[in-house]
Structures are given as C-alpha cells and as structure tokens.
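So the structure is just underneath, and the comments pick up after that.
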Amino acid sequence: MAWETVIGLEIHAQLATKSKIFSAASTAYGAEANTQACEVDLGLPGVLPVLNQHAVRMAVKFGLAIDAEIAPYSIFARKNYFYPDLPKGYQISQFELPIVGIGHLDIDVDGESKRIGVTRAHLEEDAGKSLHEDFHGLTGIDLNRAGTPLLEIVSEPDMRSAKEAVAYMRKLHELVRYLGVCDGNMQEGSFRCDANVSVRPAGQTEFGTRAEIKNINSFKFVEKAINFEVERQIDVLESGGKVVQETRLYDANKDETRSMRSKEEANDYRYFPDPDLLPVHISDELKVEMQSEMPELPDAKKQRFMTQYDQDAESASILTSSRALADYYEAVVEQSGSEARLCSNWVSGDLLGALNKAGLDIEQSPVSAERLSGLLKRISDNTISGKIAKQVFDELWNSEASADDIIDAKGLKQITDSGAIEAIIDSIIANNPAQVEQYLGGKDKVFGFFVGQVMKETQGKANPGEVNKMLKEKLKR
Amino acid sequence: MHNQSISELGQALRDKKISSVELTQYFLDRIKRHASLNSFITVTEELALQQAQAADQLLASGQARALTGIPLAQKDIFCMNGVKTTCGSKMLDNFIAPYDATVIKQFNAAGAVTLGKLNMDEFAMGSSNETSFYGAVQNPWNTDTVPGGSSGGSAAAVAARLTPAASGTDTGGSIRQPAALCGITGLKPTYGRISRYGMIAYASSLDQGGPMARSAEDAALLLQVMAGFDEKDSTSADQPVPDYLAELNKPLQGLKIGLPQEFFTADLDSDIAAAVETAVAEYKKLGAEVKDVSLPNLKLAIPAYYVIASAECSANLSRFDGVRFGYRCDNPEDLTDLYTRSRGEAFGQEVKRRILMGTYALSAGYYDAYYLKAQKVRRLISNDFKQALSEVDVIMGPVSPSTAFAIGEKSGDPIQMYLSDIYTVAVNLAGLPGMSIPAGLVDNKPVGLHIIGDYFAEARLLNIAHQYQHVTDWHTQCPPGFE
C-alpha cells in the first residue's frame, strides 16, 4: 500500500529579550547555575509576574511577518503540572486567545513552492533545567532558564515529508533571525522543535493517529527522527497493528524514537486564565510601529538580489540565507564598485568556503566587507589577477592589513608595462628555439609552455590576457 | 497609653513625651502578658527595637511622618525580609522570607515599627482562625470564642490593644468578619488599591490587603501608607492615592444609603439585624437618606466564590512542593513520594479540601460547568452591585450572620463555616471596597456594620465611618480584662 506522511511542527523560538518574560533577571546563556534566577523566577511565596513588553513587540513583529492575524486582545493562562524544574507548579502560557493567530509561510522544495499554514503562535515562559548527571543519583535543578520568553509557533499539519518539514523549519529559522526576534542558536536551545507525525493510506482524507516527537534540536535530527517515525508507523500498520497516540523521544545516538508517555498518561493541564496578569491589548499603533521596523524579509530580498544583482535563484538563496550575509554582500558590491557577479563569486565562494572550513559565521568573519572590497577593487582595475587575488585573500584572512598594503608589501602588482613584458617574451623566444619550431610546426600545446615561462619570469604578475595577446603576435605562424 | 489613637501616639512621639523605643517596649510587654490569646506567630522584638531606635533618630531630627515610630503588627501572610513568614502553615514553618512585600516596604519607608507577625487561618483559608498550624486565636471579648478569620490574629491583637493597628488581608471577608467579631474597624479596599506583591497568594483575583485598626481615622493613616500603584503587581491600580484624612470630617447630609433586602432574611440573627438598624437610624440623624436596593444574585455568591477561590488556590499552592523552600518530608523514595508526602504532611485539612475542590473545578470536562459558570455568576453579582450603587452612595448591612461563635463549634462543618461569609464574599467577587465598623454589642460580643462603596471610594467609606464614630463610642469599647 502507498502511504502518505502528515507532519505538523511546534517550534519553540526563544525571544531575544535581555530580561525574562515576567521578571527582570537576565536571559544570558551559560551563567553559573541559579545565578540568573530572581525571587520571581524561583516562584517564591508572594511573588507576581510582570509582562516584558519587548516580548510582546517581538511576537507582534513575527505575526506581521507571517501575514498572521494579531489578536487585539489576548490572555495568559496557567498550565498546571508538577515538575521540579517548574518552580510555580504551573507554566504561564497562552491557551485560548493566543497573541498571534492564523498565518502562513511559503517553502521551496525541489524548486516547487508550497504554502504551509501557521495555526497560531503564543507567548510562554520556559522552565528550568533538570541536571541528572554529577549528583550521585540525585537531580540538580538550574533555574537560570526558568522564565525565558518563548514564542511557540504551531503549524498546520501541512507537510508531507521530512524534507518539507526541514524546509519549513529552516525557513522559520531564517525568518526569526532576520526579524531579530530569536538568535536561532540551536546548540543553546534557542530554537527547538516538536514534530507531530502520522501516516495514512494515500488518498485517504482523515488523518492517521499521530505521535509527537519531543525536543529535536537540529535540522538533521528532525529529518532523521521523522523518517524513522514514518517507517515505524508504516511497519506497525502493515503488520496489522495500530499506531498509539503518544509522546516519543528521539535518541540521536541510536537514531530511533521511543515512547515517553501515552495519551492515557498525559497530564490534564487544567488551563485557566492567570489572574496575576492583565489581558494584552495590541493597538493598531503598535502594529504600525512594528511594521515600520520590519526589515526586508528573505523572500523579497531574494527576488531583489535576482534582479538587482543578476543572480540565479540558487545564488540569491545563498546570499540571502541570513540577513548578516546579505548585508555583507551588499556592502561589498557598494564599497568595491565591482561587478555584482564578481562580488557574489567571492562572497559565496572563497569567503563562505573559508568560513565554513573555520566553523565561523559571517558575523565572525576575519575579513570585513571593507577589506574584501579593497581586494575586489584591485581585481576590477586589473592591478592584480584573479590568481594573485587568492593569495592576497589568504593574507587578508590571516592578518589585519588591507589588500593594497599586502599587494605593495609583496610586490604583487600586475606588470602592465607592455614594453617590459615584450622584452621578456623576446628573450624567451630567443632562448627556446626548439619550442618555437614545434609551435610553428603546428603543436598548439607548446603555447602553454611560453605562457608559463612568461608568468614564471614575472612571478605571476603579468596580465595573462596581455601575455596571450603578445605571444600570439610574436609567434605568428 | 494603649487606648490612644495613632494620631495621639504620633503627637506624643513628636512632642518627645515618649520615645518610640519606650512605646515599642510597652507594646512588646503587653504582647507577652497576653500571649495566651495566641494572636502572634512571631514577635520580632529585636527588630522592633532596632526600628524604634531608628525612628527615634528621625523624630529627633524632625523628619517624622504620621507613622514614624508607631508600633504595628503584620499579618503573617506578608513576606518580610529575614523574618519567618509562615502564612499560618506547617508548610512554611521553616521559611525565612528573603525579600519584603511591597506593603512591608511601604511601612518601613514610613518609619513604622513592626512588633511581629500575626496569626491567621492557614493560607488565609478559614473564617475562625482555627485552621492555623499555630493553633486557634482567642477572641479577647470572650476567650472561648473565635476571633473570626482569616485575619483573626490581627483582629484579636488590635482589639486587645496589643498593637495600635495591624495589616490584614481579605479574600472573602477575612478583614471585615474578624473586625466585626472583635469589635474593631477593618477596611478591605478596592481590588488593586494595595499591591499584592509579597502577600502570599490564596485567590489572586480576590485577595486584597487592608488596614485593621480601632478607628476609621487610624485605618485612614494606615491605608495612606499601604495604597498605591506597584509596578511589581500588574493588577494594582494605576490611580492616584487621595488624602484619606482630608475627607474624614465631611458632613453626611444627603448621603444615600442602600439596604439590600437580601441581607435581611431569616438567616440573620435578629439581634444583629436590630444593631444594624440602630446604626442606620444613627446615620439618618446625621442627614442620610435610606433606600431599599436589591442584589438578586447574592445567594449565588458563596458557591461562585468557593469555585473561583479554590480554583485559583489549587494553582497558587502548587509551588509548595518540597523542592525549593518550605517543608520537605523525610527520606522521599522518589519524586512522587516527595510531592505527595511533603504536601500531605504539611498542608492542613481545609487547605487540602480547597485544593481538591479547585483541582476538580478546573479538570477537563468540568471546567465549563464550574469555573466558567462561576465567572458568569461573578459578572452577574458585579452588575447587581453596579445597579445598586447607581441608585445609592453606599450599601449597608451586617458583616456576619452571627456574633463570635465558640471555638470548635463550626470547625467540623465546613458548609456552616462557609455560610458565615455570606455578606462578605460578594464584595470580593465584585472587587468593591468594604468596611466593618463596631456598631453594638450582643451578649457582650461585638457586632459589625458593613459599609460597601463604589470602586476607589475608600475616602468616602472612611468619612462615613468616621462620622459615625464621632457620634458613637462602640469603637472605643475595650474588651474586659484588656483595659
């Protein structure tokens, strides 16, 4: 039987606020355990939450970016469950009336565009962390993360393959970073994913029973976890069994999902409106303000790069994959005054290659847009050849000197004096009569020998085009 | 000295007739002498004398304000930095609060002295102070009877002159009912008038702190310090705080008093009804007009209150899990054991009962029938009050259907106990300000007059109470043995 996969994702994006969603404690990552948890985060008796308005603004901005309805009135609710890293015994979240309503995101898979619905996005606080190692059979609790603002973005079950799910997740990841509402750091857990996966016979309209795979923290694992889960469910169904509605955990080491708890064991969260917080009212003015702060979004930027910089779709995608990279590219085009294609070859070729190799982001690039522009200027005005330029780039990477200083210091300037080149050519022809004879006798390959000799003599600084032209003339058959 | 008002004591301090240290020591001695009332959970003697010394310096330098150097006591529901804050529960018997509630901060800033922390029903759940882990409090008017609750320690201590005044909190009547039963003046302000930050939550949408004193004037002095917007409490009202003393002496000519017919039914003790009528007659003499009004949904207030308050408390008390602070059971086997035994061993019966009721009311399948229905009733009750208060300036009636009952009399019957809140809970559901002032004695037990006003009409309520106290002396009556 042919099976169809149905996937919906719930993505938790940590909002890039400086302080927590309901307290003034810092959200900075990596501090010593429990040093960034104030009396509110600890859930001490008597404390009260106060909503961080920056979190609200970020949620609104995100909602506008996915063309969603922004609720003029939304409320916070308490989600009740006991867990040691949940200090109050309830999580402040949104249940009915989330801040962001129905929206959508378009993804590209294999050159086809597909629209994925976003059901809702709501604000909530993160829990702390339970640390099961290092405590000799006990559990340690670190509440630094407790109260960190999260935007939970819930998709419609619109994806039909792991590939689509990954494309959606990447697109969302790119978007939140563009908007500056989330740093997207997946190692630190700033962007996490739960996947709801089910299968059904192709052509059937009802959904199959789904399993929810919790807390998958990389694009690669999302793809693997979904693929494993789809295979598992098909195996169950094909051997006459039934898929059980349950929560499952993906184990990256074993590349498998395992059952965490079934629907029967699921908590009754007893949501009710949090009486400590007032309803959130979003004014039209705030929406206008957030719209005016809206950066150019990835899709629009990609389109513009294709027309303005004469890029093909793939190259434009690469250059606009992050706002920082796109900004870098545009700075290089502007500052170097060079041809857009030359700039894109260098940025997405040499520069990204070197960054990938070094494991660095564009923001951490040792070569600034200004210094790369200095190099491209000299390629464009024929001061150096493309080949010499690679040598200069290596120097740029390893030092803080400008391209011009490097070219000067190493004497890498192209020899543009045609008299000097002519003299060198004449002497090479005079010193290699045998090769001259071979070439004149019809052996075209020997031409390369002469070019090589000239370049060797000039240490690569002769303009290759010029050398070719002059050699052709001197060695006229 | 213990019969003097706060303004008299303040004047004596400013005139250097007495120092704050002497005054504080005087009340500390009185507290010790009457320890059998059990009105205090903690006496902060050392801290009080330090604060008194600091206050004396302020007094000496002429920087004193109304409460500078005045000894007060705080309900043990307010967190106080470095001081044991128990909320009347075994759960917090070992809890030293690491921060000050906003109300405490405000009293400290005003230069007041804290004598100690007052007994209360466990987590403010009770109408008799019998649910306290620290034992029942005796009513100074008759030590075999309860002082009311949950602010029973506050009411008993003020009535017995162990402190000039105290703080209380009122979720369903917890300031007004004990004030009535102990013959003192208690004010529950409009919801949001006083910050709830640092006041251990019972039912967040109903809880409100307030002053408990011997007179409306003293209550006004305390409210002046306690009231105000607090950026740490989103539900506190961002409204200016008026001068509560300024209007105390305004004449009551033309005041329109509403008497809800639903207050005066067969459930009301006839002697209490008579005392209320006498008090209303006094107001007529002061120029007030009296009119019948109706609160048709009043009978729904008790069930709605117990659903909403229990639902909120079921979540509010989840943080007491034995993990970070408070009681933890010995040698827990695993996490579930830690939770169930810590909570099972440290919460009292009434607290457990309300957590269970609230958990049930919020459960899948019951939420609409209980919680949502109760919220609808809450709106109906608010609308009833709005309607009534569009016809009159204030509503008057009884505070409690009976005078102080015997310790043990109702503790075995929660429904009977809940019904004693019949006149008070509706005011919390509507979020309105309400007051109880002494208005008579029945069998040598005090009776309270209930005055309910419009939102943020505290100054008006205090004015109305003060005018009554100007022409009557119920509020100056002292329980026998405490003169």
What do you reckon, is [atom1] of [X] surrounded by more than 12 foreign heavy atoms closer than 6.0 Å?
X	atom1	value
Q239(B)	CD	yes
H12(A)	NE2	yes
R248(A)	CZ	yes

Hey, which of L86(A), L277(A), L42(A) has the most heavy atom pairs under 4.5 Å with chain B?
L42(A)

Given the options G89(A), G43(A), P45(A), which has more heavy-atom pairs under 4.5 Å with chain B than any of the others?
P45(A)

Can you check whether F325(B) reaches P87(A) side chain to side chain, under 4.5 Å on heavy atoms?
no

Need one label for D276(A): side chain, backbone, both or neither, based on atoms under 4.5 Å from any heavy atom in chain B.
both

In terms of heavy-atom proximity below 4.5 Å to chain B, should Y271(A) be classed as side chain, backbone, both, or neither?
backbone

Side chain from CB out, backbone as N, CA, C, O: work out which of these in [X] comes under 4.5 Å of a heavy atom of chain A, or both, or neither.
X	value
Q375(B)	neither
D207(B)	neither
A203(B)	neither
F320(B)	side chain
L335(B)	side chain

With respect to chain A, which residue among S205(B), S314(B), G198(B) yields the maximal number of heavy-atom pairs within a distance under 4.5 Å?
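Most pairs with chain A among the choices: G198(B).
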
Determine the option with the most heavy-atom pairs under 4.5 angstrom with chain A, choosing from I200(B), I77(B), T102(B).
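Maximum pair count with chain A is reached by I200(B).
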
Can you name the residues of residues 85-96 of chain B that have some heavy atom under 4.5 Å away from a heavy atom in chain A?
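Those residues of residues 85-96 of chain B which have a heavy atom under 4.5 Å from chain A are L92(B), F95(B).
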
Which members of residues 362-372 of chain B, sorted by number, sit under 4.5 angstrom from chain A on a heavy-atom basis?
L362(B), S363(B), A364(B), Y367(B), Y371(B)

For V323(B) versus P84(A), what's the shortest heavy-atom pair and its separation?
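Scanning both residues completely, I find the closest heavy atoms to be CG1-O, 4.1 Å.
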
At their closest point, which heavy atom of Y191(B) faces which heavy atom of P275(A), and how far apart are they?
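Heavy atoms only, the tightest pair is OH-O, 4.2 Å.
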
Give the C-alpha distance, both sets of side-chain angles, the deciding distance and a yes or no for side-chain contact (heavy atoms from CB on, under 4.5 Å) between R324(B) and L143(A).
CA-CA 11 Å; R324(B) 294 165 314 284; L143(A) 295 176; 3.8 Å; yes

If we ignore hydrogens and angles and just use 3.5 Å, is the side chain of R78(A) paired with the main-chain N or O of A315(B) as donor and acceptor?
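No, because the side chain of R78(A) does not come within donor-acceptor range (under 3.5 Å) of the backbone of A315(B).
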
Going by the side-chain contact (heavy atoms from CB on, under 4.5 Å) test, name the single residue among V50(A), L48(A), D274(A), L51(A) that passes it with S234(B).
V50(A)

